[in-house]
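Below, chain A is the first sequence line, B the second, and so on; all start at residue 1.
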Amino acid sequence: MRIVAALEALKSEGKLPADLTLVGIEAAPPRGPNHGDVASNAAMVLAKSARMKPRDIAEALTDKLRSDPEIARVEVAGPGFLNITFVPAFWQQAVARIRTAGVDYGRTDLGRGERVNVEYVSANPTGPMHVGHCRGAVVGDTLANLLAFVGYDVTREYYINDAGGQVDMLARSAYLRYREALGEDIGVIPDGFYPGDYLKPVGTALAEKYGPSLLGKPEVDWLGQVRIFALDMMMSLIRDDLAQLGIAHDVFFSERSLMAGNRDIVAETIATLRDEGHVYQGRLEPPKGEVNPDWEDREQTLFRSTAFGDDADRALLKSDGTYTYFAPDIAYHKTKWERGFKHIIDVVGADHAGYKKRLQAAVAAVSGGKGKIDVIFCQLVKLFKDGQPFKMSKRAGTFITVRDVVDEVGRDPVRFMMLYRKNDSPLDFDLAKVIEQSKENPVFYVQMAHARAKSVFRNVAEVFPDLTETSRGVIDADLTLLTDAGELDMVKKLAFFPELIEGAARAHEPHRIAFYLYEVASSFHGHWARGNETPQLRYIQADNKAITAARLALVAVHAQVLATGLAILGVGAPQELR
RNA sequence: GGUCCCGUAGCUCAGCCGGAUAGAGCAGCCGCCUUCUAAGCGGCAGGUCGCAGGUUCGAAUCCUGCCGGGAUCGCCA
């Protein structure tokens, strides 16, 4: 900001070309501590278009910036970096600025109230959630929190895949359990059926509701009712699992609803796209590489996704005439656009990797090119048990549920762990490690920084009972007493929070917050330990109320930023850990 | 074979819309608890940022091509 102002001043003074456009200028915290508080590349970026030497621009800028009373030092370094050091007062006052902003510190109006739809989880409604679903759930939920924090109008949505063949198998499996509940020996669960015990209560409930009335009837007579019944129970199971993670969606959108009742929105969507030339009858090239023995060359109904950058056109109808998974998905995304969402975000698993382009194509086609969709991939969670890779299978009934894990380790470690990784990277999730060595989990490190801060306020009550967190004594503290380098380092970290939030929101990368909070916690723990060795550095100075008050103000904003950040992650900020 | 993701310290990973001497945790070594929570802190050691080109004043970061690992490729969702 100041740099831009200085550049503008130089332009008007004729020391820089007046038509110079100021793009690509950055001011960021430098790597090393010897390069000031912020470093700017302005001189180097502008050198070419201004046809001047970087160092000359830098020198001119330096003269301008030196007149700023909040800037202590400006140095030109290396090829033309500007290293700017602020006066301590600048950072001291930052504490006041952070405190004044309060719970809104870091909040921006980036989203300008625009509506964004974040779809996440969308696990098949054929059983409870397992740990593999956790990641997308937590990443999606946190991204939704983050976008809401920066001013978007966020809708959290779950797409229920209740129209495919797998829900018929669910119904058949539930029917088996129903017969079992009525006393029949069902023997071994046949191949292809869902064998998990979680279907037993469904069978029991069916038996209670219908008695023996469904027995001995052909499938067509019971499949529909049993499917609805089982789906209902599965979805409530999943909602409970999500609640365990602290997740609540605003909308549960049923795939089946797209083609139920007297309207078939999928057919309507296809017809519209056909009118617009995006759907045609044609043939596909067989996939290259491994030969699929079942490949059969036939004319089919295709979506021209290649027109929007996809690698191949995509089939909309199976050979039996029913829709592929993709067909209702186009209609579904059309409803997102028609429901007024300017931004659409899908959080999906890595197994959908090839799906991005066709979704982008679909959204482009149904929105006339105006809709924006971002597809976020969460790489696989590799599960380890006792150091050994652990293979889960819903069909085989060997899987570890979200409930198991949350019951064992708690919501906070699970959520934090899922976020303490870039979503593009695979994630090793070792149950033994998370459970037994939970102290290695960074979540405790961050939570402890918060708890410790709170403990300072508990302890100060014995010396200065009137210096509570919200007291005038703390709020009006003389911040110029914050002079220690460790204290100012803490402030500098905290001052970066708004930029961090905005960057994470723009990039749709919630993990950045987790890493940032770790750094904030680190600056706090470091200063804390220095207090162990040097008592004068401790927050509470029994013989100096003014210094204590100033330091408490710093502790308060530290706790406040941690709490705000943790809240976005959906992780608790405990008062004490013990 | 196509597409997408990944390759950074012994291990697990940050950093990636170009910026200065590449960071953290764990493991290893040396220190710090009569003292605000040691679930913590400081220090040492550890790197040809997969390889090779290219763009640039400047490349871990952008482009191309290889190599390695993972995911996926009509009639599953």
Side-chain angles (χ1 to χ4, degrees), chain A residues 24 26 28 30-32 34-35 39 41 44-45 47-48 54 77-81 83 122-124 126 161 163-167 255 283-290 292 294-298 300 302 310-322 324-326 329 349-357 375 377 379-380 382 420-428 430 437-442 444-445 447-449 451-452 454-460 462-463 506-507 511-512 514-515 518-519 522 524-533 535 537-541 555 576-578:
Chain A
E26 286 179 3
R31 275 191 213 278
N34 301 327
H35 299 302
N41 59 356
M44 288 176 293
V45 171
K48 202 167 207 173
F81 286 101
N83 295 331
S122 300
N124 278 339
T126 55
N161 297 137
Q166 84 283 0
V167 287
E255 177 184 4
R283 289 169 190 281
L284 278 182
E285 294 282 314
K288 299 202 165 125
E290 262 184 71
N292 181 346
D294 295 333
W295 176 266
E296 164 200 359
D297 187 29
R298 66 179 175 87
Q300 49 190 337
L302 297 170
D310 199 359
D311 313 301
D313 292 339
R314 303 296 171 179
L316 298 176
L317 296 178
K318 301 180 200 167
S319 50
D320 66 2
T322 59
T324 60
Y325 176 75
F326 184 48
D329 218 11
D351 52 342
H352 285 63
Y355 212 67
K356 181 174 184 165
K357 287 182 183 173
V375 183
F377 297 100
Q379 287 296 318
L380 299 189
K382 234 185 283 174
Y420 203 62
R421 190 116 321 177
K422 193 172 46 179
N423 57 283
D424 286 335
S425 300
L427 173 65
D428 289 349
D430 191 320
Q437 302 175 25
S438 56
K439 61 183 165 190
E440 280 183 22
N441 192 317
F444 295 107
Y445 184 85
Q447 287 185 323
M448 192 174 81
R452 266 184 167 172
K454 293 294 179 181
S455 81
V456 174
F457 282 98
R458 284 194 293 274
N459 290 318
V460 80
E462 292 175 16
V463 197
R506 280 186 196 280
H511 76 274
R512 293 191 194 183
F515 283 95
Y518 189 91
E519 288 175 23
S522 179
F524 181 77
H525 289 312
H527 192 62
W528 181 281
R530 258 171 260 129
N532 279 340
E533 290 159 20
L537 289 180
R538 293 184 199 166
Y539 296 113
I540 301 171
Q541 297 293 319
V555 174
E576 53 185 334
L577 274 182
R578 299 250 177 241

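Annotation: C76(B) and U64(B) have their P atoms spaced 36 Å apart (nearest Å). Across the C1' atoms, A71(B) and C17(B) are found 26 Å apart, a figure rounded to whole Å. Comparing the same atom, C1', in U61(B) and in U55(B) gives a spacing of 14 Å after rounding to whole Å. Nucleotides A24(B) and G15(B) have their P atoms positioned 15 Å apart, rounded to a whole Å. As rounded to the nearest Å, C11(B) and A27(B) have C1' atoms that lie 7 Å from one another. A distance of about 12 Å separates the C1' atoms of C16(B) and A22(B), rounded to the whole Å. Taking atom P on both C41(B) and G1(B), the two are 49 Å apart, rounded to the nearest angstrom. A59(B) and G54(B) are spaced 11 Å apart, taking the C1' atom of each and rounding to whole Å.
Here Phe515(A) lies in heavy-atom contact (under 4.0 Å) with sugar-phosphate atoms only. Residue contacts for Ala451(A): at a heavy-atom cut-off of 4.0 Å it reaches a base atom on one of the strands shown. Residue Ala39(A) is classed as a base contact, given a heavy-atom separation below 4.0 Å to a base. Contacts of Arg314(A) with the nucleic acid, taken as non-hydrogen atoms under 4.0 Å apart, are absent. Across all strands, Arg530(A) comes closer than 4.0 Å to no nucleic acid atom at all (heavy-atom distances). Counting non-hydrogen atoms under 4.0 angstrom, His352(A) reaches a base of the nucleic acid. In this structure, Gly80(A) reaches neither bases nor backbone, as no heavy-atom distance under 4.0 Å exists between it and the strands shown. Across all strands, Glu296(A) comes closer than 4.0 Å to base atoms (heavy-atom distances).
Aromatic ring pairs are classed by plane angle as parallel below 30°, tilted from 30° to 60° and perpendicular above 60°; the pair Phe524(A) and Tyr539(A) is parallel. By the 30° and 60° cut-offs, the orientation of the rings of Tyr518(A) relative to Tyr420(A) is tilted.
Listed pair Lys318(A) / A77(B) meets the phosphate criterion, a side-chain N or O lying under 4.0 Å from OP1 or OP2. Remark: Trp528(A) is in phosphate contact with A38(B), judged by side-chain N or O atoms under 4.0 Å from OP1 or OP2. A close approach under 4.0 Å does not occur between any side-chain nitrogen or oxygen of Arg283(A) and OP1 or OP2 of G74(B). Between Ser455(A) and C36(B) there is no side-chain polar atom (N or O) within less than 4.0 angstrom of OP1 or OP2. Proximity of Asn459(A) to the phosphate of U37(B): a side-chain N or O atom is located under 4.0 Å from OP1 or OP2.
Evaluation of atom-type donor-acceptor distances gives a pair under 3.5 Å for the side chain of Asn83(A) against the base of A20(B).
Closest to the Gln379(A) side chain, of the nucleotides A71(B), C5(B), G19(B), is C5(B). Taking the side chain of Ser425(A) as heavy atoms from C-beta on, and the options U72(B), U37(B), C13(B), the nearest nucleotide is C13(B). Here the nucleotide nearest the side chain of Lys357(A), chosen from U3(B), C75(B), U37(B), is U3(B). Set against U35(B), U12(B), A39(B), the side chain of Met448(A) has A39(B) as its closest nucleotide. Of the candidate nucleotides C36(B), C75(B), C4(B), C75(B) has the atom lying nearest to any side-chain atom of Asp294(A). If you check A39(B), A20(B), A77(B) against the side chain of Phe444(A), the one that comes closest is A39(B). Distances were taken from every side-chain heavy atom of Asp424(A) (C-beta onward) to each of C5(B), C36(B), U37(B); the shortest belongs to C5(B). The side chain of His35(A) has A20(B) as its nearest neighbour among C36(B), A20(B), G40(B). In this structure, the nucleotide among C32(B), G74(B), A20(B) sitting nearest to the side chain of Glu533(A) is C32(B). When each of U37(B), C41(B), A14(B) is scored by its nearest atom to the side-chain atoms of Tyr445(A), the top-ranked nucleotide is C41(B).
As rounded to whole Å, 17 Å separates atom C1' of U12(B) from atom CG of Leu380(A). In this structure, NZ of Lys422(A) is placed 13 Å from P of U61(B), rounded to the nearest angstrom. For the pair Tyr355(A) OH and C73(B) C1', the interatomic distance rounds to 13 Å; values are reported in whole Å. We find that CE of Met44(A) is positioned 10 Å from P of G19(B), with the value rounded to whole Å.
Here Asp424(A) pairs with nothing under the side-chain hydrogen bond (donor to acceptor under 3.5 Å, both in side chains) rule; sequence neighbours left out.
One distance of note links CG of Leu302(A) with CG of Leu284(A); it measures 4.5 Å at 0.5 Å rounding. Separation of atoms NZ (Lys422(A)) and CZ (Arg512(A)) is listed at 10.5 Å; rounding is to 0.5 Å. Here the CZ atom belonging to Arg538(A) is positioned 9.5 Å from the CH2 atom belonging to Trp528(A), to the nearest 0.5 angstrom. Between the CD atom of Glu285(A) and the CG atom of Asp311(A) there is a distance of 13.5 Å, given to the nearest 0.5 Å.
With a cut-off of 3.5 Å on both pairing distances, the Watson-Crick or G-U wobble partner of C62(B) is G54(B). Pairing of A71(B), defined by two Watson-Crick or G-U wobble distances under 3.5 Å, is identified with U3(B). Across every strand in view, U35(B) sits unpaired, with no contact that passes the Watson-Crick or G-U test at under 3.5 angstrom. Pairing for C29(B) goes to G43(B), judged as Watson-Crick or G-U wobble with the two contacts each under 3.5 Å. Under the Watson-Crick or G-U wobble criterion, with both distances below 3.5 Å, C13(B) is paired with G23(B).
Nearer the 5' end of RNA chain B, as judged by each residue's closest nucleotide, is the contact made by Pro535(A), out of Ala350(A) and Pro535(A). With RNA chain B read from its 5' end, the first of the two nearest nucleotides for Tyr518(A) and Ala77(A) is the one closest to Ala77(A).
Proximity of a side-chain donor or acceptor of Gln166(A) to a complementary backbone N or O of Asn161(A) within less than 3.5 Å is detected. Side-chain N or O atoms of Gln541(A) include one that pairs as donor or acceptor with a backbone N or O of Pro535(A) at under 3.5 Å.
Glycosidic conformation, C33(B): syn, with the torsion inside 90° of 0.
Stacking of Phe81(A) onto the six-membered ring of A20(B) is present: less than 5.5 angstrom between centres, less than 30° between planes.
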